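All values derive from a computational prediction rather than experimental measurement. Just so you know, ligand 1 is whichever comes first in the structure, and atom 1 is the first atom listed for that ligand.
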Amino acid sequence: MANDALIVVDAQVDFCPDGALPVSEGDLVMPVLNRCMSAAAAHGVPIYASRDWHPEQTLHFKAQGGPWPPHCVAGTPGAEFHPALALPASAQVVSKGMSGRDDGYSAMEATLPSGQTLADALRAGGVTRVWVGGLATDYCVRATVLDARKAGLDTRVLTDAIRPVELVPGDGERALREMTDAGATLTTADEMVAQSGS
Ligand code: VGL
Ligand code: ZN
């Protein structure tokens with residue numbers, strides 16, 4: 001796991017049941033992500049937790065012509081990480097979707113407090129393999145995984161730690177196919193935990 005990183009995508013209140021843009025069963029990924037984060041933290045694997053962090057007005061929202069109801073507005077309760085997500089002290093938060101001019105789906109373009117992008121941080125850290133879970137399969141997980149593949153990373157999708165929005169039924173399955181077509185590997189939290197010792 002020496003050159004690994006774990007990317008936890010948008011495990012936020014607004015993407016869970018009762019949130020502003022609810023993903024069916026979105027809350028069920030939290031315990032699975034927690035297992036992955038514990039294993040990562042125990043083995044010194046860097047953890048990056050992305051958050052959707054939008055301005056009040058953005059082309060991403062319906063009122064400005066975008067596809068989505070308002071969600072994850074920076075600083076609001078809906079933008080908080082889900083209360084069941086147990087972020088280890090070592091986890092680094094990266095924020096995305098802040099410009100107001102684009103959707104900002106990919107966590108690879110999210111930025112650390114320093115302004116460095118996750119893509120640059122991974123490169124600087126010599127990361128060659130990433131494990132990816134979170135919300136939602138057909139948007140931010142998909143975009144993150146496709147960007148990780150473009151960056152040449154060995155990319156493992158944690159299928160039991162993701163759930164789709166499915167604006168259109170079948171979007172989740174289609175996204176998984178796009179990810180594997182791009183060279184990503186589907187795996188599970190159990191497999192990640194099992195490999196963590198090696
Ligand atoms: C997301 C829709 C809108 C996501 C973010 O995190 O997948 N989906 N904004
Ligand atoms: Zn968003």
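When the Zn ion (ligand 2) is compared with the N/O/S atoms of His54, atom NE2 turns out nearest. For His60, the N, O or S atom with the smallest separation from the Zn ion (ligand 2) is NE2.
For the pair Ser196 (side chain) and Met192 (backbone), a donor-acceptor distance under 3.5 Å is present.
Remark: ligand 1 and Asp52 share an N or O pair separated by less than 3.5 Å (distance only, no angle test). For ligand 1, none of its N or O atoms has an N or O atom of Trp68 under 3.5 Å away. Between Val141 and ligand 1, not a single N/O pair is under 3.5 Å apart. Polar contact check, Leu21 against ligand 1: no nitrogen or oxygen pair lies under 3.5 Å apart. Some N or O of Asp10 is nearer than 3.5 Å to an N or O of ligand 1, by distance alone. Checked against a 3.5 angstrom limit, the closest N/O atoms of Phe15 and ligand 1 fall outside it. Of the polar atoms of His71, at least one N or O is found under 3.5 Å from an N or O of ligand 1, judged by distance alone.
Residues Asp190 and Arg35 are paired through a salt bridge, judged by an N-O separation under 4.0 Å between the basic side chain and the carboxylate. The pair Arg142-Glu178 meets the salt-bridge criterion, with a side-chain N (NZ, NE, NH1 or NH2) lying under 4.0 Å from an Asp/Glu carboxylate O. Taking 4.0 Å as the cut-off between side-chain N and carboxylate O, Asp10 and Arg51 do not count as a salt-bridged pair.
Within ligand 1, the atoms closer than 4.0 Å to a non-hydrogen atom of Ala136 are 4 (C), 6 (O), 7 (O), numbered from 1 in the order shown. Heavy-atom proximity to Tyr139, at under 4.0 Å, picks out these atoms of ligand 1: 7 (O), 8 (N). Here is the list of ligand 1 atoms found below 4.0 Å of a heavy atom in Cys140: 1 (C), 4 (C), 5 (C), 6 (O), 7 (O).
Note on His71: counted as a metal contact of the Zn ion (ligand 2), an N/O/S atom lying under 2.8 Å. For the Zn ion (ligand 2), the N/O/S atoms of Asp52 include one lying under 2.8 Å. At a threshold of 2.8 Å, the Zn ion (ligand 2) has no backbone or side-chain N, O or S atom of Cys140 nearer than that distance.
We find the OG-CG distance between Ser50 and Leu118 to be 8.0 Å, quoted to the nearest 0.5 Å.
Using a 4.5 Å heavy-atom threshold, the side chains of Arg156 and Val132 count as separate. At a threshold of 4.5 Å between non-hydrogen side-chain atoms, the residues Leu33 and Leu85 count as touching. With a 4.5 Å cut-off on side-chain heavy atoms, Arg163 and Leu135 count as touching.
Using a 4.0 Å cutoff on heavy atoms, His60 counts as a contact of ligand 1.
Between His71 and Phe61, the ring centre distance stays below 6.0 Å.
Crowding of Asp18 atom CG: a count of heavy atoms from other residues, nucleotides or ligands under 6.0 Å not exceeding 12.
Of all the heavy atoms of Leu135, the ones lying under 4.0 Å from any atom of ligand 1 belong exclusively to the backbone.
At a cut-off of 3.5 Å, with distance as the only test, a side-chain donor of Arg129 or Gln195 sits close to an acceptor on the other residue.
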